[in-house]
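Reviewing the structure listed below.
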There are 2 protein chains.
Amino acid sequence: MPADALSQVFSALADPTRRDIVARLAVADATVTELAEPYSVSVQAVSKHLRVLEGAGLVSRSRDAQRRPVHLEAEVFDLMTAWIERYRRRAEERYSRLDALLAAMPDAVDADDAPAPATDPTTQGEA
Amino acid sequence: MPADALSQVFSALADPTRRDIVARLAVADATVTELAEPYSVSVQAVSKHLRVLEGAGLVSRSRDAQRRPVHLEAEVFDLMTAWIERYRRRAEERYSRLDALLAAMPDAVDADDAPAPATDPTTQGEA
DNA sequence: GGTGTGCTCAACCGTTCGGTTGAACAAGGA
DNA sequence: TCCTTGTTCAACCGAACGGTTGAGCACACC
C-alpha cells in the first residue's frame with residue numbers, strides 16, 4: 001500500500017543520506033555508482049535509497065546503456081512547501097489574534113489558559 | 001543519540017496522524033485527550049506522537065493542573081523551508097543553465113550524457 | 001562468444017516505529 | 001481521605017527500515 005504522497009516525501013527526506021543525495025543531485029545528475037562513491041555503504045544500499053526517493057517522486061531515472069542516470073525532480077518540493085506554509089501561516093495568524101486580544105484586555109490574562117476561540121474550523125483535516 | 005534536527009523534523013512529519021495533530025494545533029492549543037479524541041488509537045499512542053513532535057521542536061508543552069496543553073512552535077518550519085528552498089533553487093538554476101547551454105549549441109547534445117561541471121562544490125554537505 | 005561493468009533482486013539481520021495493555025503518578029473535587 | 005481525571009512509564013508485539021552479502025540481469029567492449 002503506497003501511503004499518501006506527503007508521507008512518502010517527508011519520510012524520504014528524513015534520512016540524512018537521502019537528503020545528501022538530493023543535495024548532490026541539485027548540482028548535477030549522477031549515476032548510482034557515482035552517488036554511492038562518497039558514502040561508506042554498499043551500492044545496493046544507495047540503490048534502495050534511490051528507490052525510496054523515486055517512490056516519493058523526488059527523483060526520476062532514465063537509461064543510458066547499463067547506467068541509470070538519476071535526475072532530481074523539483075516539483076514535489078512544492079507539495080511540502082504548500083503544506084508547511086499553510087499551517088505556519090495559520091499559526092502566525094493565531095499569534096496575531098492573540099496579540100490583539102492581549103492588547104485589548106491589558107490585565108489578568110494567563111497566556112497558558114487561553115480557551116482558543118477556534119476561529120476557523122473549516123479545512124481542518126488535510127486528507 | 002538524538003539525530004540531527006532536520007531528520008527529526010522530517011521524520012516527525014512523515015506520519016499522517018502527526019501531521020494532522022500539527023494541523024489541528026495550528027488553529028488552537030489542545031490537551032492530550034482532546035487531541036486523541038478524533039483518532040481511533042489510545043491516548044498513550046497520541047502521547048508518544050507528541051513526544052516525537054516535541055523532540056523535533058515542532059511543539060511545546062506547558063502545565064495546567066493535570067492537563068498538559070500542547071502548543072505549536074512555528075519557528076522550526078523555517079528550518080525545513082530553508083533546506084527545501086536551497087535545493088529547489090539550485091535545481092531550477094541548473095535547468096536554466098541547461099536551457100542556455102542547449103540554446104547555445106543547437107545540435108548533437110545528448111542531455112543524459114552531460115558530465116556534470118560541478119559548478120559549486122562548496123557547501124555541498126549539509127551537516 | 002566471453003568478460004567486465006553497472007545495477008537490481010532476494011534473503012537475511014538488528015533496530016526503530018507505531019501500536020497495544022497495564023500500572024503508576026499527579027493534581028483537583030467529593 | 002478517597003476517587004476520578006489527565007498523563008506518562010514500561011513491557012511487549014508485529015511491521016517497516018537501513019544495512020549487509022550473494023546471485024542474477026543487461027549491456028558494452030574485446
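Order of the sequence lines sets the chain letters (A, B, ...), proteins ahead of strands, with each chain counted from 1.
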How long is the line joining [atom1] of [X] and [atom2] of [N], in whole Å?
X	N	atom1	atom2	answer
A:Arg61	D:dA26	CZ	P	16 Å
A:Tyr39	D:dG18	OH	C1'	15 Å
A:Arg67	C:dT5	CZ	P	12 Å
B:Asp29	D:dG6	CG	P	17 Å
B:Asp64	C:dG28	CG	C1'	11 Å
B:Phe10	D:dG18	CZ	P	15 Å
A:Leu50	D:dC17	CG	P	16 Å

Run the side-chain donor-acceptor check on residues 30-46 of chain A: report pairs under 3.5 Å with partners two or more places apart or on a different chain.
unit_1, atom_1, unit_2, atom_2, d
A:Thr31, OG1, A:Glu34, N, 3.3
A:Glu34, OE1, A:Thr31, N, 2.9
A:Tyr39, OH, A:Asp20, OD2, 2.6
A:Tyr39, OH, A:Arg24, NH1, 3.1
A:Ser42, OG, A:Ala45, N, 3.2

Side-chain donor-acceptor distances from residues 65-72 of chain A under 3.5 Å, at least two apart:
unit_1, atom_1, unit_2, atom_2, d
A:Arg68, NE, A:Ser62, O, 3.1
A:His71, ND1, A:Asp29, OD1, 3.0
A:His71, ND1, A:Asp29, OD2, 3.1
A:His71, NE2, B:Tyr95, OH, 3.3

With sequence neighbours excluded, residues passing salt bridge (charged side-chain N to carboxylate O under 4.0 Å, His left out) with A:Glu73 = none
Salt bridge (charged side-chain N to carboxylate O under 4.0 Å, His left out) contacts touching residues 52-61 of chain A (sequence neighbours left out) = A:Glu54-A:Arg61
Measure the spacing between CD1 of A:Ile21 and CG of A:Leu58 and express it to the nearest 0.5 Å.
-> 11.0 Å
Ignoring hydrogens and angles, write down the donor-acceptor pairs under 3.5 Å from the side chains of residues 5-14 of chain B, residues two or more places apart or on other chains.
unit_1, atom_1, unit_2, atom_2, d
B:Ser7, OG, A:Ala14, O, 3.3
B:Ser7, OG, A:Arg19, NH1, 3.2
B:Ser7, OG, A:Arg19, NH2, 2.9
B:Ser7, OG, B:Asp4, OD1, 2.6
B:Ser7, OG, B:Asp4, OD2, 3.2
B:Gln8, NE2, B:Gly55, O, 3.2

Could you encode protein contacts along nucleotides 14-27 of chain C as a string, one character per nucleotide from 5' to 3', using B for base contact, S for sugar-phosphate-only contact and - for no contact, with a heavy-atom cut-off of under 4.0 Å?
-> ----SBBBB----B
